[in-house]
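Worksheet: the structure to be examined is printed underneath.
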Amino acid sequence: MLSASDTAIPALPQPNATRTPAFMSSPVVTRFAPSPTGFLHIGGARTALFNWAFAKNQDGKMLLRIEDTDRERSTEEAVAAILEGLKWLGLEWDGAAVSQYSRVTRHREMAEELLKRGKAYYCYCTPAELDAMRAKAEAERRPIRYDGTWRDRDPSTAPAGIKPVVRFRAPQDGETVIQDHAQGRVVIPNKDLDDLIILRSDGNPTYNLSVVVDDHDMGVTHIIRGVDHLTNAARQMQIYMAMGWDVPSMTHVPLIHGPDGAKLSKRHGALGVEAYRAMGYLPAALRNYLARLGWSHGDDEIFSTEQLVEWFTLGGIGKSAARFDFAKLENLNGHYIRHTPDSELLLHFKSFLPHVEGGEALLEALTPELETKLLLSLPGLKERAKTLVELMASARYLFAKRPLSLDDKANALLNEEGKAALKGAHEVLAAAAEWSGPALEAAVKAHAEAAGMKLGKIAQPLRAALTGTSTSPGIFDVLEVLGPEESLGRIADQLKN
RNA sequence: GCGCCCUUCGUCUAUCGGUUAGGACGACAGCCUUUCACGUUGUAAAGACGGGUUCGAUUCCCGUAGGGCGCGCCA
């Protein structure tokens, strides 16, 4: 996925006279920077959405950088899942995805530069010693921080045989102030920030160094990420300043919690976006839902992605965490299903099938003839489905082969009374001159009226016989789509026993 | 433990000192109706608590409580 050619840093966009007015100081560049240690979870998806929406709103670019410097935990599968997830969600990035690991040499150089400037130093403490340090601090109820043992110690006193790490020499006095577009002005006392490791003993850079170097080199102007990075923002600012670089604009968005208010777990939202695809959600619906989690534009609830782009500002981002609510997502998804044109919905449905259990089989059974029937039934079906999974279930009767097996409720409908009504309906339908929904409806209604029956007394048994269930689209639509032969056949099947 | 942040109906949120505190989802009730939905009408439902500041606080400040995040040779 990340071939050598993919890892090149994309050239910065040249200010385009037609799209970037002269008064704009510089084009906006955002980035989404996931670490490939798992799938693209829902929080990451929203972060990507915000970065994307902001970049689009500003006529800027959103870059994608895979933070794969942890060689132990990064996997190719995760990278693939993240790219796939972003594509499914419709969040295309600009340029090629950048592998952070491909830039280690540059990161090491910057660590050297910091060393040269006296902004960093070698530390010879072993992991065991650091563990002991932490344990002791905890036991004495002191803040858990590196104690600065090697900060000012003469390297010539270094113990032999120990490969040192490089630590950043963080300012000890004063405070670091983050001007955050979502969080406001956040002040962190420097005494609470210790000397973080920027180069491991094996010579590989750590996250906080790499991000700063990459964001700077890639020309990132706006950093939008989760608040869990807020403390990192302070440390990173210190590195920016030590390097004499401009600090990008910062926006730390609140986190998404599970329905119970606690951290997202496997049970609820901590699923990959592919799980949402398998649950039958439409990308547009998920985008709309995610946008309303932590961001708002007045009372607007349902809006297109175009509107999101038009309206998106960092000021619209809130400060408090939101809970993930499947009921609302489902409602929105139902709205999107209902309002998607039939032919387009059919496309979504077909591309969804391979991702759901039993979907492959259905896809294989989908002959051109059946596809036509499905398309004709969609207006009735989509009105009743909140997810594509429900759509699949409700479309089953189209695929069913005679004789149909009935569910319990359908069976109950075909009691003696039901069968009697069905028999009458069969005669009326068999005699129908024109096989169309309206014509059949008129005929059956006339028959019901003549027999002094409520239409429901006939429609329900018909539904049971035709679909094998007690719920379906309008029964005359079902009849029309199924056609005379199949319809009469299904009814006759039930009349036999 | 230390630091930072958060707190409006059950949930997502509007409000940027003056509102009968609005909308949406969900819930409940009615209407529509061949089922289920859709649609539609209506109802219940909120400023965590305590102090200030102010003519006036949901809004500004302080404290308390509750919650979240961070404190790795992870990102």
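Chain identifiers are assigned alphabetically (A, B, ...) following the order of the sequence lines, protein sequences preceding nucleic acid strands; residue numbering begins at 1 within each chain. Small disclaimer: the values here were computed from a predicted structure and weren't measured.
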Worksheet item: If we take the P atom in both B/rU64 and B/rC71, what is their distance in whole Å?
Response: 25 Å

Discussion item. Between B/rA21 and B/rA44, how many Å separate the two P atoms, rounded to a whole number?
Written reply: 14 Å

Worksheet item: Salt-bridged, A/Arg225 to A/Asp228, with N to O below 4.0 Å?
Response: no

Worksheet item: Could you give the CD1-to-P distance, from A/Ile256 to B/rC5, as a whole number of Å?
Response: 22 Å

Worksheet item: Within the structure, does a side-chain N or O atom of A/Arg292 lie under 4.0 Å from either OP1 or OP2 of B/rG23?
Response: no

Worksheet entry | Opposite nucleotide pairing with B/rG63, Watson-Crick or G-U, both atom distances under 3.5 Å | B/rC49

Worksheet item: Do the ring planes of A/Tyr276 and A/Tyr281 sit parallel (below 30°), tilted (30 to 60°) or perpendicular (above 60°)?
Response: tilted

Worksheet item: Of the nucleotides B/rC38, B/rC25, B/rC6, which one has an atom closest to the side chain of A/Ala327?
Response: B/rC25

Fill in: A/Lys163 with A/Asp202: basic N within carboxylate O range, under 4.0 Å
no

Worksheet item: With a 4.0 Å cut-off on heavy atoms, is A/Ile144 in touch with a base, just the backbone sugar-phosphate, or nothing at all?
Response: base

Fill in: Base of B/rA75 paired with side chain of A/Asn232 (donor-acceptor, under 3.5 Å)
yes

Item to complete: May I have the distance from A/Ile197 (atom CD1) to B/rA75 (atom P), rounded to whole angstrom?
Response: 11 Å

Practice prompt. Would you classify A/Val444 as touching base, sugar-phosphate or nothing, given that sugar-phosphate means primed atoms plus P, OP1 and OP2, and contacts are heavy atoms under 4.0 Å?
Written response: nothing

Discussion item. Below 30° counts as parallel, above 60° as perpendicular, anything between as tilted: where do the rings of A/His229 and A/Tyr207 land?
Written reply: tilted

Worksheet item: Do the side chain of A/Arg384 and the base of B/rC36 come within less than 3.5 angstrom through a donor-acceptor pair of N or O atoms?
Response: yes

Practice prompt. Using the C1' atom as the reference point in each nucleotide, state the distance between B/rG30 and B/rA46 in Å, no decimals.
Written response: 26 Å

Worksheet item: Hey, is the side chain of A/Thr69 poking within less than 4.0 Å of OP1 or OP2 on B/rA75, counting only N and O atoms?
Response: yes

Item to complete: Under 4.0 Å between any heavy atoms, over every strand shown, what does A/His229 touch: base, sugar-phosphate, or nothing? Just pick one.
Response: base

Item to complete: Look at the side chain of A/Glu301 against the base of B/rG23 and say whether a donor-acceptor pair falls under 3.5 Å; ignore hydrogens and angles.
Response: yes

Worksheet entry | N/O donor-acceptor pair, side chain A/Lys328 with base B/rC12, under 3.5 angstrom | yes

Worksheet item: Do A/Glu112 and A/Arg108 sit within salt-bridge range, that is, some charged N less than 4.0 Å from a carboxylate O?
Response: no

Discussion item. Using a 4.0 Å heavy-atom cut-off, does A/Val165 contact any base of the nucleic acid, only the sugar-phosphate backbone, or nothing at all?
Written reply: base

Practice prompt. Between B/rC31 and B/rA37, how far apart are the P atoms? Round to whole Å, please.
Written response: 16 Å

Practice prompt. Pick base, sugar-phosphate or nothing for A/Pro34, based on heavy-atom distances below 4.0 Å to the nucleic acid.
Written response: nothing

Practice prompt. Would you indicate what A/Cys123 reaches in the nucleic acid, counting non-hydrogen atoms under 4.0 angstrom: base, sugar-phosphate, or nothing?
Written response: nothing

Practice prompt. Tell me what A/Arg73 touches on the nucleic acid: a base, only sugar-phosphate, or nothing, going by heavy atoms under 4.0 Å.
Written response: base

Discussion item. One thing to verify: whether A/Asp147 and A/Arg134 come together as a salt bridge, which I'm taking to mean a side-chain N less than 4.0 angstrom from a carboxylate O.
Written reply: no

Item to complete: Pick the C1' atom in B/rC28 and in B/rG10, then give their distance to the nearest Å.
Response: 14 Å

Worksheet item: Got a donor-acceptor pair under 3.5 Å from the side chain of A/Arg463 to the base of B/rU34?
Response: yes

Practice prompt. Look at all strands and tell whether A/Leu255 reaches a base, only sugar-phosphate, or nothing, counting heavy atoms closer than 4.0 Å.
Written response: sugar-phosphate

Worksheet entry | Distance between C1' atoms of B/rA14 and B/rC9 (Å, rounded) | 13 Å

Worksheet item: Any N or O donor-acceptor pair linking the side chain of A/Asp299 to the base of B/rG22 at under 3.5 Å?
Response: yes

Worksheet item: Taking atom C1' in both B/rA45 and B/rA24, what distance in whole Å separates the two?
Response: 14 Å

Discussion item. Any base atoms under 4.0 Å from A/Phe476, or only sugar-phosphate, or nothing? Heavy atoms, all strands.
Written reply: base

Worksheet item: Should A/Lys319 be listed as having a side-chain N or O under 4.0 Å from OP1 or OP2 of B/rC5?
Response: no

Practice prompt. Using a heavy-atom cut-off of under 4.0 Å over every strand shown, decide if A/Gly474 touches base, sugar-phosphate, or nothing.
Written response: base

Worksheet entry | Identity of whatever pairs with B/rA44 - Watson-Crick or G-U, under 3.5 angstrom | none

Discussion item. What's A/Ser201 touching, base or sugar-phosphate or nothing? Going by heavy atoms closer than 4.0 Å.
Written reply: base

Discussion item. Between A/Glu330 and A/Lys328, does any NZ, NE, NH1 or NH2 come within less than 4.0 Å of an OD or OE carboxylate oxygen?
Written reply: no

Worksheet item: With a 4.0 Å cut-off on heavy atoms, is A/Leu293 in touch with a base, just the backbone sugar-phosphate, or nothing at all?
Response: sugar-phosphate

Worksheet item: So what does A/Ser472 hit on the nucleic acid, given a heavy-atom distance under 4.0 Å: a base, only sugar-phosphate, or nothing?
Response: base

Discussion item. Strictly below 4.0 Å, N to O, side chains only: are A/Arg169 and A/Asp195 in salt-bridge contact?
Written reply: no

Worksheet, complete the sentence: Among B/rA75, B/rG3, B/rU11, the one nearest any side-chain atom of A/Pro189 is B/rG3

Discussion item. Do the side chains of A/Arg103 and A/Asp214 get close enough for a salt bridge, i.e. N-O under 4.0 angstrom?
Written reply: yes

Worksheet item: So what's B/rC2 paired with, Watson-Crick or G-U wobble, going by both distances under 3.5 Å?
Response: B/rG70

Worksheet entry | Sugar-phosphate only, base, or nothing, as touched by A/Thr471 at under 4.0 Å among non-hydrogen atoms | base

Response to the item:
note: A/Asn333, atom CG; B/rA24, atom P; distance rounded to Å ~ 20 Å

Worksheet item: Given the P atoms of B/rU15 and B/rG68, what is the spacing between them in whole Å?
Response: 27 Å

Worksheet item: Who does B/rC9 pair with, Watson-Crick or G-U, both distances under 3.5 Å?
Response: none

Worksheet item: What is the pairing partner of B/rG39, taking Watson-Crick or G-U wobble pairs with both distances under 3.5 Å in any strand?
Response: B/rC31

Discussion item. Under 4.0 Å from OP1 or OP2 of B/rC71: is there any side-chain N or O of A/Arg134 that close?
Written reply: no

Worksheet item: Counting only Watson-Crick or G-U wobble pairs whose two distances fall under 3.5 Å, which nucleotide matches B/rA21?
Response: none

